[in-house]
Protein chains: 2
Amino acid sequence: MTGTRAYHHGDLRRALLAAALEAIEEVGPGALSLRDLARRAGVSHAAPAHHFGDKAGLLTALAAQGFDLLAQTLSEARDDLLGAGVAYVDFAVRHRAHFEVMFRPELYRTDDAEVVTAQGRARAALRAGVAALPTRGTPADPDRDSLAAWSIAHGFATLWLAGALPDRVGEDPREAARAVLRRLVT
Amino acid sequence: MTGTRAYHHGDLRRALLAAALEAIEEVGPGALSLRDLARRAGVSHAAPAHHFGDKAGLLTALAAQGFDLLAQTLSEARDDLLGAGVAYVDFAVRHRAHFEVMFRPELYRTDDAEVVTAQGRARAALRAGVAALPTRGTPADPDRDSLAAWSIAHGFATLWLAGALPDRVGEDPREAARAVLRRLVT
DNA sequence: GATCCTATCTTGCCATTGACAAGATGCCCC
DNA sequence: GGGGCATCTTGTCAATGGCAAGATAGGATC
């Protein structure tokens, strides 16, 4: 049941997804090898195909999982721009593998049903989180506002993950993100 | 000289880089195949190795080229946040292949000398472009300001390229970017 | 003008990978 | 206890990246 079973592995699908997350953290989603995952799980090289069809199938499952996780994370965050933005960046750093797959549509099937619904959940949570920026002068436009908030959080997260930011931003992504996001909210 | 010559191709290095840009626009940098490039250029499958060593070598050359191009683009843009930001997004869309390689450090050698100097140029142009945001109340912090500007432009560009933005943002990346960036500058 | 010399490109090869086909294994349910 | 089915294995193929060894050309040197 819970254990690591023999021949009929018992939980191979979950084991492969977990192994995939590990592998992606090490080499990135592009260099992911199904055969390597099979080795990590101790099964034959063709076993993954049964559960996911092909590599895109596996990454599709990961993407759906990732969007669900993001939706959950955002809905638990503080209900303002700063809280949601920091939570977004934190998610990207802590769930790097998921995040990197989610925003690389060429790697998976974006029209997959589970992906689409999970994406919808994440999108809704995002909009609820950033609510509305305090607007000055210009008439409020919630669409533009949430787009701006999403952009700055996503950009910071992406640059952080790419290692493109100067050392001076420090070691703590949450703290650094808060300082940057504050520029939008002040 | 200019033409497409036989055996000793004459301009193979350049031809391969051009072919790589084409191929990356079609299938992304991850699915790039050296053998496919060789076929496009009409040479044998091992010819690229002579000029670039390996795949990472070719992508390193592309990354350096990309950072130089970005530096040039930014230095020609209007000298405020809106102008620089729009130019940044426009660069990402028009030079998608370069842009996608530049911010995927696992694909190339980030410690390459040409890459490092080109990166420096781009960084300087970026800082000059965003200059300083108008600050209200809080004491000015140019580092944080330019980081915020970079983040929002980079985030918007990345989301645009990933096709993650809702249809409602429209077809023109420059116009859409301007609307979003204005939230930071207003 | 002949000869070397080196950058450039080719041919041949090997290990790895993704994908597919066919077969083996074990569990569940009647 | 026997059929049926999901699960996993073995075997194979084409494509790829990378390496080694060789062929070719174009210029430099004498």
Side-chain angles (χ1 to χ4, degrees), chain A residues 1-24 26-63 101 104-109 112, chain B residues 1-24 26-63 101 104-109 112:
Chain A
M1 320 320 171
T2 74
T4 125
R5 281 300 74 222
Y7 202 101
H8 278 185
H9 183 290
D11 210 9
L12 183 56
R13 187 187 159 93
R14 197 183 311 269
L16 287 172
L17 288 175
L21 291 177
E22 265 187 41
I24 292 172
E26 293 168 15
V27 299
L32 186 67
S33 154
L34 288 182
R35 288 170 110 102
D36 178 52
L37 297 188
R39 281 189 291 267
R40 289 178 194 237
V43 294
S44 86
H45 64 86
H50 178 70
H51 291 276
F52 301 103
D54 56 5
K55 183 144 73 162
L58 188 145
L59 292 173
T60 301
L62 272 190
V101 172
R104 239 177 260 184
E106 77 274 16
L107 292 181
Y108 65 96
R109 285 183 265 277
D112 174 84
Chain B
M1 324 320 173
T2 74
T4 126
R5 274 305 77 216
Y7 204 101
H8 278 186
H9 182 289
D11 210 9
L12 183 57
R13 185 186 160 93
R14 198 181 311 270
L16 287 172
L17 288 175
L21 290 177
E22 264 187 42
I24 291 172
E26 295 168 13
V27 299
L32 186 66
S33 154
L34 288 182
R35 289 169 111 103
D36 177 52
L37 297 187
R39 281 189 292 267
R40 288 178 194 237
V43 294
S44 84
H45 66 84
H50 178 72
H51 290 276
F52 300 104
D54 56 5
K55 183 146 67 163
L58 189 145
L59 292 174
T60 300
L62 271 190
V101 173
R104 240 179 259 184
E106 76 275 15
L107 291 180
Y108 65 96
R109 283 181 267 278
D112 175 84

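Since this is a predicted model, take the numbers as computed values, not measurements.
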(request) Could you tell me the separation between the CZ atom of B/R13 and the P atom of C/dA7, rounded to a whole number of Å? (result) 15 Å
(message) For a quick test of reading the model, state the closest non-hydrogen atom pair linking A/L32 to A/A23 and the distance between them.
(response) CD1-CB, 3.6 Å
(request) Measure from the side chain of B/S33, starting at C-beta and using heavy atoms only, and say which of D/dT9, D/dG17, D/dT12 lies closest. (result) D/dG17
(request) Take atom CG of A/L37 and atom C1' of C/dA19, then tell me their distance rounded to the nearest Å. (result) 15 Å
(message) Is any side-chain heavy atom of A/V27 closer than 4.5 Å to one of A/D36?
(response) no
(message) With a 4.5 Å cut-off on side-chain heavy atoms, are A/I24 and A/L62 touching?
(response) yes
(request) Round to the nearest Å and state the distance from A/D36 atom CG to C/dA15 atom C1'. (result) 15 Å
(message) Can you give me the closest heavy-atom contact between B/G30 and B/R104, atom names plus distance?
(response) N-NH1, 4.5 Å
(request) Find the distance A/L12:CG to C/dC27:C1' and express it as a whole number of Å. (result) 16 Å
(message) So B/L32, base contact, sugar-phosphate only, or nothing? Heavy-atom distance under 4.0 Å.
(response) sugar-phosphate
(request) Rounded off to whole Å, could you give me the CZ-to-C1' distance for the B/R14 and C/dT8 pair? (result) 16 Å
(request) Only counting residues at least two apart or in another chain, list the ones meeting side chain to side chain contact (heavy atoms under 4.5 Å, CB included) with B/H51. (result) B/L12, B/R13
(message) How close do A/Y108 and A/L59 get, counting heavy atoms only, and between which atoms?
(response) CB-C, 3.8 Å
(message) Quick check: on DNA chain D, is the nucleotide nearest A/R35 upstream (toward 5') of the one nearest A/S44, or the reverse? Name the residue that is more 5'.
(response) A/S44
(request) For DNA chain C, find the residues of residues 47-56 of chain B with a heavy-atom distance under 4.0 Å and give them by number; none if there aren't any. (result) B/A47, B/H50, B/H51
(request) Rounded off to whole Å, could you give me the NE2-to-P distance for the A/H45 and D/dT12 pair? (result) 11 Å
(message) Do A/L37 and A/K55 make a side-chain contact, defined as non-hydrogen atoms from C-beta onward lying under 4.5 Å apart?
(response) no
(request) Return the value, rounded to whole Å, for the distance between atom CZ of B/R40 and atom P of D/dT16. (result) 11 Å
(request) Check the distance between C/dA19's P and A/L59's CG and give it to me in whole angstrom. (result) 10 Å
